[in-house]
Student: 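Here's a structure for you.
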Amino acid sequence: MNIIKSLLFVLFSFSTISLTAADNQTEKSNRIVVNADLGTETISKFIYGHFAEHLGHCIYGGIYVGEDSDIPNTRGIRNDVVAALKEIAPSVVRWPGGCFADTYHWKDGIGPQAARPSIVNTNWGGVTEDNSFGTHEFLDFCELIGAEPYICANVGSGTVQEAAEWVEYVNSNASSPMTELRKKNGREKPWNVKYWAVGNESWGCGGNMTPDYYTDLYKRFSTYMRGRGLYRVASGGTDPDFEWTETVLRKTQKFRNLIQGYSFHYYTFCHGWDDKTAATQFNENDWFYTMKNTLVMEERLERHIALMDEYDPENRIGLIADEWGNWFTVEPGTNPGFLYQQNTVRDAVTAALYLNIFNNHAKRVKMANIAQFVNVLQAMILTKDDQMVKTPTFYVFKMYKVHHDATLLPINLTCDDYSYDGMTLPSISASASQAKDGAIHVSLCNIDMHNNRSVEIDLRGSDNLSKTSGEIVTAPKENDYNDFGQPEKVNIQKFTKFSVKNNILKVDLPAKSVVTITLNK
Ligand code: AHR
C-alpha cells in the first residue's frame with residue numbers, strides 16, 4: 001500500500017512539475033506576434049509631419065531670423081535649424097496656424113518686406129507681427145528642409161475669395177492676376193501646394209461655429225479652392241465632439257470631391273487643461289497621468305475611424321491628426337502666450353506612444369503633425385539666440401524614420417501592467433513595419449518609470465532573420481533633458497540587450513525607454 005502511495009506521490013509530483021514547466025513555456029506575459037507576411041497598408045510618411053505657427057519663437061527666432069541677422073542663415077532661414085531638421089526627414093509642415101491662421105491675411109505677407117503691414121498677434125501674446133515671414137519665406141523653408149507644405153486657409157475672419165486667390169497665387173501657371181503677382185514677387189514657377197486646411201478649430205478660435213454652419217462654409221470655401229489633385233482638409237470638432245465629426249461627414253456625403261481629409265486635434269495635458277505640470281519638474285503621479293492621457297488618443301482615433309468607416313466605407317477621406325503632443329506649463333520666466341516648454345524622457349516616451357498608435361491605424365490616418373516644430377509645446381528643436389538643442393522628441397522622430405512609407409506589419413501584443421497607486425496601464429506599446437529593402441523594423445516603448453520588461457517577439461511569416469541592430473532613446477532620469485551649452489543627456493544610443501534565434505526576438509526592454517530593432521536576412 002505504501003509503495004502504491006509512494007508511486008502515486010511521485011507520479012503526481014512529476015505531473016505537477018511538468019504542468020508547471022508547460023505553463024511557464026506558454027505563459028509569456030510580454031509577447032508580441034509580428035505578422036511579417038500580412039502587411040497590406042503603407043505607413044504614410046506624412047504621419048511624421050510637423051506644425052509651425054506664428055506663435056512665440058517658433059517662426060521668429062526659431063526658424064527665421066532675417067537676412068541681416070548675425071546667426072548664419074539662408075535668405076533669413078537659420079542654417080543650423082535647417083541642418084538639424086533634415087536629420088529627421090520632415091515630411092510635411094503645416095502653417096501658418098493654428099489659431100493664428102484664422103486671423104491671417106496672406107496678402108499682408110507678400111511683396112517687399114519693408115512694405116508689408118504689421119498686425120497684432122491677438123492669439124499669442126499680443127505681440128506685433130511684422131509679416132516678414134510670409135508665403136514665399138514659408139515655401140522657401142519647406143524647399144530647404146525637403147518637406148511638403150500644408151497651408152491652413154483663413155475661414156474664421158477671411159473670405160472665400162481670399163482663400164481661392166491664395167491657392168491661385170501659389171499654384172497657378174495660367175496667365176492670371178495672381179500668377180502675375182507671384183512672378184512680380186520673384187517666383188516664376190508655381191509651388192503646386194497639394195495640402196490645404198479649410199480653417200482651424202472652427203468650433204473655437206477659428207470662429208466659434210456650430211458643425212452645421214461650419215460644414216456649409218466648408219463647402220463654399222472648398223468649392224472655390226480649386227486645382228487638380230488638391231487635398232482639402234475639414235476642421236474637426238473639439239475633443240471629444242463626435243457629433244461634429246458626424247455632421248461634417250454626413251453633410252459632405254454628396255460632395256465627396258470637395259473633401260479629402262478630416263482633421264482631428266488631441267493634446268496630452270497631464271491632469272487636464274486647467275492643471276498642466278511643468279515639463280521638467282514632475283513626479284510619478286504626473287508621469288502616470290501623462291501616459292494615461294496619451295493612450296486616450298487610441299480610443300479617440302478608433303471612434304473617429306468607426307464614424308469614417310460608416311460614412312466613407314471606401315476609405316477615401318484621410319484622418320489628419322494635424323495637432324498632437326504634450327502641453328505642459330511654460331518654462332519659468334517665459335511669456336505664457338509663447339507656450340515654450342522643455343522636453344524630457346517623458347516626451348520621448350509619449351512621442352513613441354503616439355507614433356505607434358498612428359502607425360497601427362495607418363489605413364485611415366494619412367497625416368499627423370506634432371505641435372510644434374521649434375520652441376513651442378513638444379518641439380523638435382529649442383533655440384536660444386544663436387544656440388540650439390535637439391530634444392528627446394527629435395531623437396524619437398529620427399529613430400522612427402525607418403517607418404516612413406514602409407509597409408505596416410500587423411501585430412498582436414499582450415503585456416503585463418504598469419501599476420501605480422492602484423491604477424494600471426499596459427506597460428508596452430509597439431509597432432512594426434517592413435521597408436522597401438525588406439528590412440523589418442520593430443519599435444517598442446516601455447512606459448514603466450521603474451521596471452524593465454522582458455519581451456518575446458515572434459516574427460511570424462518572415463524569412464530567417466539574422467542580421468540585427470538596435471537603437472534606444474532613454475536616460476538615467478525620467479526628467480533628463482538637453483540643455484543649452486551642456487552635453488546632450490538624451491539622444492540615440494546603440495542598443496544590444498536583445499537576441500534573435502529561429503525568428504524569435506528576445507528583448508530586455510529598459511524602463512522608460514524607446515527602442516527600435518532592425519532585422520535583415
Ligand atoms: O498649438 C497651439 C494651439 O492649439 C493652436 O494654435 C490651436 O489650433 C490649438 O488649440
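Just follow the structure's listing: the first ligand is 1, and inside any ligand the first atom is 1.
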Student: Dump all N/O pairs between ligand 1 and the protein below 3.5 Å as a table: atom names plus distance, one pair per row.
Tutor:
residue, atom, partner, partner atom, Å
ligand 1, 1 (O), Tyr267, OH, 2.8
ligand 1, 1 (O), Gln372, NE2, 3.0
ligand 1, 4 (O), Tyr267, OH, 3.4
ligand 1, 4 (O), Glu323, OE1, 3.2
ligand 1, 6 (O), Glu53, OE1, 2.7
ligand 1, 6 (O), Glu53, OE2, 3.1
ligand 1, 6 (O), Cys99, N, 2.9
ligand 1, 8 (O), Asn200, OD1, 3.4
ligand 1, 8 (O), Asn200, ND2, 3.0
ligand 1, 8 (O), Glu201, OE2, 3.4
ligand 1, 8 (O), Glu323, OE1, 3.1
ligand 1, 8 (O), Glu323, OE2, 2.7
ligand 1, 10 (O), Glu201, OE1, 2.8
ligand 1, 10 (O), Glu201, OE2, 3.2

Student: For Cys142, what residues pass the disulfide (SG to SG under 2.5 Å) criterion, not counting sequence neighbours?
Tutor: none
Student: Is the ring centre of Tyr195 less than 6.0 Å from the ring centre of Phe46?
Tutor: yes
Student: Applying side-chain contact (heavy atoms from CB on, under 4.5 Å), can you list everything that pairs with Ala379, at least two apart in sequence or on another chain?
Tutor: Leu382
Student: For residues 50-71, which residue pairs pass the side chain to side chain donor-acceptor pair (under 3.5 Å) check, not counting sequence neighbours?
Tutor: Glu53-Trp124, Glu53-Gln372, His54-Trp95, His54-Glu129, Tyr60-Glu129, Tyr64-Gln113
Student: Side chain to side chain contact (heavy atoms under 4.5 Å, CB included), that's the test. Do Lys194 and Asn171 meet it? Break it down for me.
Tutor: CA-CA 9 Å; Lys194 176 174 177 174; Asn171 285 353; over 6 Å; no
Student: Please determine whether a side-chain nitrogen of the Lys or Arg among Asp286 and Arg346 lies less than 4.0 Å from a carboxylate oxygen of the Asp or Glu.
Tutor: no
